[in-house]
Each structure stands twice: as C-alpha cells, then as structure tokens.
Amino acid sequence: MAVCQSTELKAAEKPNIVFLFSDDHALQAISAYDGRLKDIAPTPNIDRLAKEGAIFENSFCANSICGPSRASILTGKHSHKNGFMRNGTKFNGDQMTFPKLMQKSGYQTALIGKWHLSSDPQGFDHWEILPGQGNYYNPNFIQMDGSKKRFTGYCTDIITDHAVEWLEKRDKKKPFILMCQHKAPHRNWSPAARHLTLFDGQDIPEPKTLRDDYSGRAEWLKKNKMEIDRHFYWGHDMKFHGKSVMPEKILDGINNMEYARMTDEQKKVWDAAYAPKNKKFIDDYNAKKLSDDDILQWKYQRYIKDYLRTIRALDENVGRMLDYLEKSGLAENTIVIYSSDQGFYLGEHGWYDKRWMFEESLKMPFLIRWPGVVKPGSRPDEMIQNIDYAPTFLEIAGADIPEDIQGRSLVPVLKGDAPKDWRKDIYYAYYMNPGTHNVPRHDGVRTDRYKIFYLPQPDEWQLFDLEKDPLELRSVHADSAYAKVFKEMQDLYQKRRTEVEAVLE
Ligand code: CA
C-alpha cells in the first residue's frame with residue numbers, strides 16, 4: 001500500500017528540467033546525428049539522450065549568434081521582439097522571461113555558466129555566470145552579489161561541479177529547472193589538459209566544401225572573414241607562441257589569452273603537447289616542404305582537433321551529470337535536454353564560425369530525454385526552433401503561456417502527437433551587419449525542401465534546393481526552372497515577415 005501511494009505521488013509531481021547547453025556545438029560533431037565525424041570523435045554520453053529519448057534533425061535557431069540565441073530561448077521570441085538583436089548589446093532583463101514565470105509556478109530556477117547577455121540574470125533563484133565569453137582555463141565567475149571569483153581548473157568541469165553542488169543544496173521540496181551552460185566548444189577551442197594529445201597521429205576527415213570558391217552564390221560570400229585558409233590567428237586560433245612566421249598564411253594580432261591564464265604546471269603540460277607539433281610545422285614550412293594546400297590541411301587539422309578535444313570534455317561532463325541524476329534518484333522525474341546556441345562550420349564552405357543561414361550554423365542540436373513521455377530512440381522530423389523552448393518549459397511547469405510568445409510548446413510533439421497545423425517552415429534573421437566576420441544582415445525562410453534568404457545590401461536573393469543541392473553550392477533564384485518555386489518562396493517569406501512583424505531591411 002505504501003509503495004502504491006508513493007508511486008501515485010510521484011506521478012503527480014511536476015518534472016524537473018536539466019537544460020544542458022553549450023556554445024557553438026555543430027550537429028556534425030555529435031555522433032547521434034550520424035555526421036562525418038561520428039566514428040573518429042564519438043559523443044557517447046550525449047548520444048545516451050538520443051537512445052533514451054528523442055533527437056531532432058530539424059532543429060533551428062532564430063538568429064545564429066550567441067547572445068541573440070540565448071535571448072530567444074529566454075523569451076520565446078525572435079530577436080527583434082526581445083530587443084537583443086546583436087552581440088555587444090545589453091539584454092533588457094525586465095521583460096517577460098520563462099524563468100520568472102516558472103518561479104511563479106513554484107519552480108526553483110538556477111543558471112550556471114555562460115550567459116553572455118551583459119545585464120544580470122533575472123528570474124533565477126541562483127546564478128553564477130562567466131563574464132562575457134568566459135575562459136577555458138581557471139575561469140572567473142560572477143557571483144550574485146556582483147563579486148568575481150576565480151576557480152582553478154577547466155571550465156567545463158567546473159561548471160558541472162557547480163551545477164551538481166547546486167542540485168545537492170537546492171530546496172528538495174520544489175521542482176526545479178537547472179540551466180547548465182558551457183563555454184565549450186567556443187573559439188579559441190582550448191582543450192583540457194587530459195585531452196591535449198587526443199587525435200594525435202590521426203587524420204580527421206575534411207568536409208567536401210573545405211575548398212569552396214563561393215561561385216554561383218551571392219558575391220558577398222567571397223568577402224567573408226571566417227575562412228580557415230585566410231582568417232586564423234597565430235596565437236589565438238593556432239596555438240603558437242610569439243609572432244607568426246607566415247603572416248600571409250596565419251595572421252598576427254591576437255595572442256592565446258588562455259595560455260596567459262594558465263598556472264606554470266598547466267603551461268608545462270600544454271607546451272609538452274603543442275611544442276613538438278608546432279616545431280615540426282614551422283620547420284617544414286621553413287624548409288619549403290609545404291604547399292599552400294598542405295598549410296590549409298594543417299590548419300584544418302589543428303582547428304578541428306582542438307574543437308573536438310573541447311567536445312570530449314563536454315561529452316564527459318554530460319555523462320557526469322547523467323550519472324549524478326541516476327545516482328541521486330532524480331533521473332526518473334527529470335527531463336534532460338542537450339542543445340547549443342547554434343551550429344557551426346567545421347570547415348564547410350572553408351569556414352569556422354556561424355552567422356550565415358546555411359545549414360551548418362542554422363541548425364541547433366536538440367536532444368531530449370523525458371522518461372515515460374518521449375519515446376526512446378525517436379527521431380521526430382517536425383521543424384522546431386529555439387523560440388519554442390520557453391513555451392515548452394512553461395507548459396511543463398503548468399504555467400500560462402503569454403500571448404505574445406512567438407514560439408510554440410513542443411509538449412505535444414514530444415508526446416508524439418504533433419498538432420496538424422505544426423509549422424512547415426521557419427523564419428530566420430541575422431542583424432550584425434557586417435560585424436567581426438563580415439557577414440551581412442539577411443533574413444529568410446526554410447521549408448523542408450527550400451531555403452530562401454534576402455540580403456538587403458546589396459539587394460540580393462538566394463534560393464537553395466536542399467534536396468538537389470544539400471551542400472548549398474548553387475543559388476537557383478535566377479534559374480528559370482525554379483521561377484515558380486522562387487515566386488512561391490518569396491510570397492512565403494513576405495507572409496512570415498508580416499506575421500512576425502519583421503524589421504530587417
Ligand atoms: Ca555561440
């Protein structure tokens with residue numbers, strides 16, 4: 001009898017939510033997504049969520065850049081509605097956000113890790129955030145009283161430590177949402193000491209478009225400043241010391257600030273890993289043994305290995321959190337989500353970074369485990385967007401969803417019962433114009449087959465047939481065979497702009 005009562009009580013409990021979030025984690029680097037890196041760089045712990053829950057292939061951001069994606073998540077609104085359109089601005093925390101409404105519904109709310117919205121978090125019972133982009137090594141954290149504390153160690157590990165500590169000391173009578181937000185795998189991709197030699201001696205596969213010449217698409221693509229071939233820095237990205245010995249190939253100008261933060265012991269381990277590899281590359285270059293393409297290949301390998309090394313620590317820490325939830329008995333009534341603020345170019349189109357409405361940075365990973373609700377091993381094909389997270393959390397918490405939220409609750413989709421009128425396309429807008437990497441503002445719409453976007457300057461359309469051209473190598477907006485599609489997509493674009501009250505011009 002007692003057992004029965006306790007089961008009934010459990011069923012009535014509101015579920016907890018652990019939102020595991022990272023920064024710039026591309027779908028290509030999560031093995032459950034079946035990408036080109038899945039064999040060489042598996043993510044077994046993140047994959048556990050796919051196995052025990054659902055993985056969404058058609059998951060998109062509203063604006064492919066750090067701060068705006070986070071603001072869309074908090075508000076359930078597109079950037080122009082929540083006011084955080086570009087990095088470098090300040091989020092107006094006085095507006096409605098889901099954590100505030102969840103608090104009113106009796107949830108405890110906590111946020112630990114990367115925030116990147118300039119203003120102090122609101123709506124959280126507990127928060128501890130990295131200043132700005134934060135650091136991988138011996139990071140500072142801003143405390144709720146405004147003071148800064150420095151912690152020795154590796155950021156991804158420390159964020160998990162602090163998240164688990166909060167779980168331990170929380171008010172155990174209340175349901176909770178914990179947002180555990182990592183810096184990794186953001187630039188400058190500094191791996192943990194234990195992973196510095198991971199992948200040494202291995203060749204990571206290159207994407208087919210590493211040598212993209214940008215023909216057949218907007219002229220502006222050639223003006224980007226995010227190419228592996230031309231825009232990496234000697235210290236910051238490529239992890240050398242001193243001045244570039246090949247400034248025309250690897251730029252001078254930004255040093256490795258992570259190295260500057262390390263303890264002597266950390267520096268020793270770091271140098272033992274990088275110095276011999278760096279020396280060999282420089283010696284080969286000086287001996288004129290390297291062609292331009294050899295140098296490109298080397299830079300790609302340095303970049304992708306460091307990126308994947310930071311993901312190894314991330315995946316381990318996802319595992320630590322999942323293990324903690326099991327051990328503490330929380331797993332059964334806790335929804336676990338893994339997502340990242342946008343995707344990333346891992347050499348596709350010759351790039352690193354994000355911003356463009358092309359697939360690799362438009363997509364966001366989204367994996368969710370919800371015991372008893374989400375079917376284990378499911379791969380829903382509904383189109384979802386980061387503006388949907390807030391209404392989803394609110395519905396889970398039993399809170400009212402404000403009328404002006406632009407996203408839709410995913411709860412019916414998660415139950416395998418998507419409404420008939422579920423969206424068939426998504427609206428996207430990028431505003432930085434042109435910002436650090438010289439990507440112009442643009443907005444567009446993506447359906448299951450086509451993607452249209454518009455660059456107001458220089459008044460140019462792009463149209464892609466994702467079925468025939470999944471790598472997005474040729475815009476067909478001027479192709480007469482696509483005249484009808486182009487018109488239909490332009491109409492859809494205008495319709496969506498009207499609905500969301502778009503401001504991009
Ligand atoms: Ca990001």
For the residue pair [Y] / [X], report whether a side-chain donor-acceptor contact shorter than 3.5 Å exists.
X	Y	result
Y430	R355	yes
D425	T447	no
Y338	H25	yes
N256	R261	no
S69	N386	yes
H241	D271	yes
N188	S190	yes
D252	S244	no
E128	Q143	yes
E316	N45	no
N82	T75	yes
D443	Y493	yes
E168	Y324	yes

(message) Under a 4.0 Å threshold between the charged nitrogen and the carboxylate oxygen, would K363 count as salt-bridged to E360?
(response) no
(message) Does Y259 have more than 12 heavy atoms from other residues, nucleotides or ligands lying within 6.0 Å of its OH?
(response) yes
(request) Count the heavy atoms belonging to other residues, nucleotides or ligands that lie under 6.0 Å from CD of E505, then report whether that count exceeds 12. (result) no
(message) Would you call the rings of F358 and F464 parallel, tilted or perpendicular, taking 30° and 60° as the class edges?
(response) perpendicular
(request) Anything under 30° is parallel, anything over 60° is perpendicular, the rest tilted; go ahead and classify H437 against Y352. (result) perpendicular
(request) Is it possible for you to check whether K183 lies under 6.0 Å from the centre of the six-membered ring of Y136, through NZ or CZ, and within 45° of that ring's axis? (result) yes
(message) Could you check whether K267 makes a cation-pi contact with W270, meaning its NZ or CZ is under 6.0 Å from the centre of the six-membered ring and within 45° of the ring axis?
(response) no
(message) Using the side-chain contact (heavy atoms from CB on, under 4.5 Å) definition, which of the options D306, I250, L251 pairs with M238?
(response) I250
Using atom types as modelled, flag every donor-acceptor pair under 3.5 Å from a side chain in residues 465-477 to any protein atom, sequence neighbours excluded.
unit_1, atom_1, unit_2, atom_2, d
D465, OD1, R449, NE, 3.0
D465, OD1, E467, N, 3.1
D465, OD1, K468, N, 3.2
D465, OD2, R449, NH2, 2.9
D465, OD2, Y482, OH, 2.7
D469, OD1, E472, N, 3.3
D469, OD1, L473, N, 3.0
D469, OD2, L473, N, 2.9
D469, OD2, R474, N, 2.9
E472, OE1, E359, N, 2.9
E472, OE2, K451, NZ, 2.5
R474, NH2, D479, OD2, 3.3
S475, OG, L463, N, 2.9
S475, OG, L463, O, 3.4
S475, OG, H477, ND1, 2.5
H477, ND1, W461, O, 3.3
H477, NE2, W461, O, 3.4

(request) Please examine the side chains of I65 and R70, heavy atoms only from C-beta on, and report whether any two atoms are closer than 4.5 Å. (result)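 They are not in side-chain contact.
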(request) Go through the structure and list residues passing salt bridge (charged side-chain N to carboxylate O under 4.0 Å, His left out) with D120, not counting sequence neighbours. (result)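 Not a single residue meets the salt bridge (charged side-chain N to carboxylate O under 4.0 Å, His left out) criterion with D120.
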(request) Apply salt bridge (charged side-chain N to carboxylate O under 4.0 Å, His left out) to K305 and list each qualifying residue two or more places apart in sequence or on a separate chain. (result)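 Residues passing salt bridge (charged side-chain N to carboxylate O under 4.0 Å, His left out) with K305: none at all.
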(request) Answer yes if the ring centres of F453 and Y428 are under 6.0 angstrom apart, and no otherwise. (result)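 Between Y428 and F453, which both carry aromatic rings, the centre distance is not below 6.0 Å.
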(message) For F56, run the ring pair (Phe, Tyr, Trp, His ring centres under 6.0 Å) check against Y33, F366, Y389 and tell me which one passes.
(response)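 The residue from Y33, F366, Y389 that satisfies ring pair (Phe, Tyr, Trp, His ring centres under 6.0 Å) with F56 turns out to be F366.
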(request) Nearest 0.5 Å please: distance from the CG atom of N138 over to the CE atom of M262. (result)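 Result: 8.5 Å between the selected atoms.
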